[in-house]
Amino acid sequence: MKKILLPTVTLLFSLSVSSKTTPVYLDPSAPLEDRVEDALSRMTLEEKIGVIHAQSKFSSAGVPRLGIPELWTTDGPHGIRPEVLWDEWEQAGWTNDSCIAFPALTCLAATWDPEVSYLYGKSIGEEARYRKKDILLGPGVNILRTPLNGRNFEYMGEDPYLASVMVVPYVKGVQDNGVAACVKHYALNNNEVNRHMTNVIVDDRTLYEIYLPAFKAAVEGGHAWSIMGSYNLYNDEWNCHNSRLLNDVLKGEWDFDGVVVSDWGGTHITDQAITNGLDLEFGSWTNGLSAGTSNAYDNYFMAYPYLEKIKSGEVGTEELDNKVRRVLRLMFRTNMDSSRPYGSMASESHMKAAHKIGSDGIVLLKNDGNILPLSTENKPTIAVIGENAIKMMTVGGGSSSLKAKYEISPLEGIRNHFGDKANVVYARGYVGDPSGEYNGVVTGQDLSDNRSEMELIKEAREVATNADYVIIIGGLNKSAGQDCEDSDRADMKLPYNQDKLIEAVAEVNPKTIYINISGNPVEMPWVDQVPVILQGWYLGSEAGNALASVLSGEVNPSGKLPMTFPQTLDQVESHRHGSYLGKPRNDGTPFVDNEYAEGIYVGYRGMDKNNFTPLFPFGHGLSYTDFKYGDIKTDLLENGLIELRLNVTNSGKIAGAEVAQLYISDPECSVPRPVKELKGFKKVYLEPGETREIVFQVSPQDLSYFDVESHGWRLEPGMFEASVGSSSKDIRSKTRFAVD
């Protein structure tokens with residue numbers, strides 16, 4: 001008989017006693033740390049062990065005797081995962097756990113807008129709170145080291161500064177609902193293949209300059225209440241109990257006071273789990289209760305084995321008390337906070353938020369001939385071609401798969417938006433993955449099609465020939481080997497022979513528009529043949545409506561790429577230095593050593609170093625209007641900051657938003673540094689003819705590099721260059737300044 005997950009209600013009875021006799025831990029007016037210590041002092045050894053490991057797939061135990069509730073987690077970061085059975089991944093069969101699917105985090109990063117990031121966090125936090133979840137397992141901020149990583153769509157791009165700025169408001173928005181954000185996957189989790197056995201070898205400068213800043217920002221700027229360890233190893237220790245990353249950096253250098261949560265199945269060794277910084281263990285033996293005992297959860301690495309070590313005197317209780325303090329602190333911030341809001345689920349405001357995030361994140365990569373926005377004069381025929389125009393994308397991809405309340409497909413959105421103003425026709429174009437199921441969530445779509453590739457392309461060409469506009473909607477999907485957890489892509493090419501389809505259609509219609517649905521860059525060998533290209537990401541419930549808003553001109557696109565689109569993998573530094581997956585050891589073990597030989601030259605940093613011309617550069621994104629940049633003026637402020645000011649003018653005929661990007665160069669440094677690095681950006685909305693002054697303030701930290709010998713940030717005197725532009729390759733204004 002299967003055990004079904006049911007909501008748990010913990011009753012805290014109101015006692016008729018004076019406030020002087022009320023236990024401190026139950027007094028919400030008492031200082032947080034006093035409540036933590038009071039609750040800790042009342043717990044037995046067994047109760048302490050009980051709260052630091054899972055009791056089900058997604059929950060850990062409370063202390064019923066003391067009125068301390070269970071902790072409930074839920075997968076994110078794009079929506080609230082549907083309920084599963086207590087011990088299994090199979091669906092619990094609830095009918096009220098459908099969520100709003102928000103756009104993937106690559107789309108959020110593409111907005112380059114911290115206010116939109118807060119809206120995202122607040123909205124998804126409200127849904128988590130309504131579903132009585134205490135920890136949202138997200139956001140993800142691992143850096144895009146390779147375009148082949150199957151999980152890049154869950155992250156915020158290739159640049160540590162951009163990810164740092166965007167993660168902070170997301171975390172704050174979630175936690176304003178009394179739900180802990182759990183920032184993941186800490187750290188160096190940059191490929192999915194063999195992720196449990198990959199030992200990353202990376203120098204400290206690269207670690208601190210590229211892979212740690214976004215996590216640090218989430219902790220120090222966002223005050224994140226929890227962090228999730230990653231599956232891989234670093235310094236030959238698994239990262240869910242890695243002394244250097246957890247004890248030294250996270251809890252030492254950054255003074256993190258929250259909970260370190262293991263990824264599901266990421267715990268391996270009891271002794272390391274005890275001493276190396278892990279606080280809350282989940283997912284060990286994730287196949288349920290099949291470990292040979294009546295309750296496998298008691299045999300978790302930090303459960304009975306830990307208890308036995310304490311009782312035998314092999315270890316003390318200092319580490320245990322520290323773990324429990326952190327868990328209790330999290331509880332008082334979440335499910336023991338009687339003042340936290342109630343949240344809401346699938347509300348109209350969340351639908352609008354999903355639409356805004358999606359439409360603001362769509363990137364107009366190319367618009368030759370100003371074909372967009374589409375004109376509806378004379379009721380044109382619009383041919384929509386491609387499987388991704390109809391395929392649901394909220395299901396699949398791994399643990400971020402969702403049971404969405406609804407999903408508007410691109411074809412549906414285009415038809416609804418243009419209505420009687422255009423004649424919209426559809427052709428399949430290609431057959432990719434006709435399936436649609438993940439962990440028991442089923443799309444209900446039957447996308448099977450037995451026609452040959454030749455027949456599909458012939459139909460597409462015929463439809464395109466008779467159309468005024470053609471919109472090909474292709475790209476990747478969330479199937480294994482594409483944008484999907486636990487697998488990586490084999491290459492950067494479009495799957496299912498889409499290149500052949502695109503070339504055939506573009507040959508017969510000069511007004512062909514290609515929309516790429518993906519969380520990763522793809523090769524576009526036909527880029528010169530297609531006049532209009534958009535990056536459409538995974539846009540969630542409002543996908544079709546968001547795309548239609550941009551195509552019609554109702555929304556002027558303002559998204560910018562949060563990652564470089566290389567022409568081929570040969571332009572990517574991690575691949576130029578050999579296998580991005582590392583090399584197996586010769587000691588008979590399954591471990592792989594993955595050396596990050598490219599160092600700090602990730603993304604556009606590598607492009608600039610080699611003077612490569614990318615397909616589309618980092619920060620690139622066009623608009624339906626034009627923007628002019630003025631000259632940069634420089635001032636040294638009394639507080640030691642350098643202020644850079646310049647004007648940006650909307651020189652076009654319609655209102656729009658521009659993202660002015662500040663890059664800093666240090667050409668005189670004694671150590672190699674990137675040609676330029678992003679150190680500021682401002683998104684500004686301008687009416688036609690309007691001019692606004694953009695102000696950047698540059699700190700010593702922005703000019704520094706991480707010095708390995710002193711283990712600190714070092715600023716060398718000399719001349720620096722500041723560049724401001726519309727992308728990393730489209731620099732509009734420069735200035736130089738000296739630092740003594």
Side-chain angles (χ1 to χ4, degrees), residues 8-15 17 19-56 58-73 132 134-135 178 180 182 225-226 241 246 251 256-262 267 270-271 273-282 284 295-338 340:
T8 300
V9 178
T10 301
L11 298 179
L12 299 180
F13 293 98
S14 177
L15 303 177
V17 294
S19 60
K20 292 182 180 179
T21 60
T22 300
V24 171
Y25 76 94
L26 290 179
D27 181 2
S29 65
L32 175 63
E33 296 307 315
D34 290 352
R35 299 182 72 193
V36 169
E37 293 303 321
D38 183 53
L40 181 67
S41 69
R42 299 170 186 269
M43 295 172 65
T44 66
L45 177 61
E46 288 75 14
E47 287 169 343
K48 291 177 181 179
I49 289 290
V51 301
I52 63 170
H53 66 84
Q55 65 170 1
S56 75
F58 284 101
S59 72
S60 59
V63 186
R65 180 180 64 87
L66 298 176
I68 296 175
E70 303 161 326
L71 274 176
W72 282 91
T73 71
K132 295 180 171 57
D134 306 308
I135 302 176
C182 188
W225 294 339
S226 59
H241 36 70
L246 300 180
K251 296 180 177 180
F256 174 66
D257 70 353
V259 171
V260 174
V261 179
S262 74
T267 311
T270 295
D271 288 339
I274 292 171
T275 61
N276 290 3
L278 178 62
D279 300 312
L280 191 53
E281 177 187 2
F282 276 100
S284 302
N295 190 351
Y297 298 107
D298 287 340
N299 286 325
Y300 271 30
F301 295 98
M302 293 209 307
Y304 188 77
Y306 191 1
L307 182 63
E308 282 298 291
K309 285 179 177 290
I310 293 174
K311 287 184 174 181
S312 68
E314 185 177 343
V315 299
T317 59
E318 180 180 354
E319 294 91 352
L320 175 61
D321 285 348
N322 182 268
K323 299 176 193 298
V324 177
R325 280 189 186 94
R326 291 174 179 273
V327 173
L328 289 170
R329 189 179 293 123
L330 180 65
M331 289 175 170
F332 290 131
R333 286 168 167 168
T334 57
N335 58 20
M336 292 284 281
D337 179 6
S338 60
R340 65 176 179 162

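When reading the values below, keep in mind they use all heavy atoms of this one structure, side chains included, and skip hydrogens, waters and symmetry mates.
- Considering every non-hydrogen atom in both I135 and S226, the closest pair reads CG2-OG, 3.8 Å.
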Query raised in the report: What do the steps show when you test F256 against R326 for side-chain contact (heavy atoms from CB on, under 4.5 Å), and what is the final call?
Result: CA-CA 10 Å; F256 174 66; R326 291 174 179 273; 4.1 Å; yes

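- Using a 4.5 Å heavy-atom threshold, the side chains of M336 and L26 count as touching.
- Closest non-hydrogen pair, A39 versus L66, comes out as O-CD1, 4.3 Å.
- More than 12 heavy atoms of other residues, nucleotides or ligands lie within 6.0 Å of CD in E46, so this atom counts as buried by the packing criterion.
- Remark: side-chain polar atoms of K251 are paired, donor with acceptor, to backbone N or O of G277 under 3.5 angstrom.
- Ion pairing between a basic and an acidic side chain is recognised when a charged N comes within 4.0 Å of a carboxylate O; R42 and D38 show such pairing.
- Interatomic distance, M302 CE to F282 CZ, rounded to the nearest 0.5 Å: 10.0 Å.
- Between T44 and E47, the closest heavy-atom pair is N-OE1, 2.9 Å.
- L320 has its side chain within reach of L45: a pair of non-hydrogen atoms, C-beta onward, lies under 4.5 Å apart.
- In this structure, CD1 on I274 lies 13.0 Å from CG on N322, to the nearest 0.5 angstrom.
- Counting only heavy atoms from C-beta outward, the side chains of D257 and R325 never approach each other to under 4.5 Å.
- With contacts defined as side-chain heavy-atom distances shorter than 4.5 Å, the pair V315/Y306 qualifies.
- No donor-acceptor pair under 3.5 Å is formed between the side chain of D298 and the backbone N or O of A303.
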Query raised in the report: Yes or no on side-chain contact (heavy atoms from CB on, under 4.5 Å) for Y25 and M43, after CA distance, side-chain angles and deciding distance?
Result: CA-CA 12 Å; Y25 76 94; M43 295 172 65; over 6 Å; no

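- Note that CG of D271 and CZ of F301 are 11.0 Å apart. Values are rounded to the nearest 0.5 Å.
- Here the closest non-hydrogen pair linking P305 and T270 is CB-OG1, 3.9 Å.
- Going from atom CD1 of I310 over to atom NZ of K48 covers 8.5 Å, rounded to the nearest 0.5 Å.
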Query - S59/Q55 under side-chain hydrogen bond (donor to acceptor under 3.5 Å, both in side chains): CA gap, chis, key distance, verdict - result: CA-CA 6 Å; S59 72; Q55 65 170 1; 3.1 Å; yes

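- A salt bridge does not link R35 to D27: none of the charged side-chain nitrogens sits closer than 4.0 Å to a carboxylate oxygen.
- Within the 4.5 Å cutoff, the side chain of R340 has heavy atoms near those of the D134 side chain.
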Report task. Quick one: do S60 and Y297 satisfy side-chain contact (heavy atoms from CB on, under 4.5 Å)? Show the steps, please. Result -> CA-CA 10 Å; S60 59; Y297 298 107; over 6 Å; no

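- Rounded to the nearest 0.5 Å, atoms CD (E70) and CZ (F58) are 15.0 Å apart.
- Contact check for V51 versus L328: no side-chain heavy atoms found under the 4.5 Å cut-off.
- The pair R329-D279 does not meet the salt-bridge criterion, since no charged nitrogen lies less than 4.0 angstrom from a carboxylate oxygen.
- L71 places a side-chain heavy atom less than 4.5 Å from the side chain of L280.
- Between L278 and L246, the shortest heavy-atom distance links the atoms N-CD1, 4.0 Å.
- For the pair S284 and E281, the tightest heavy-atom approach, listed with the atom from each and the gap, is OG-OE2, 2.6 Å.
- Put simply, NZ on K132 and CG on N335 are 12.0 Å apart, with the number rounded to the nearest 0.5 Å.
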**Report entry** Derivation of the side-chain contact (heavy atoms from CB on, under 4.5 Å) call for T267 and H53
**Finding:** CA-CA 11 Å; T267 311; H53 66 84; over 6 Å; no

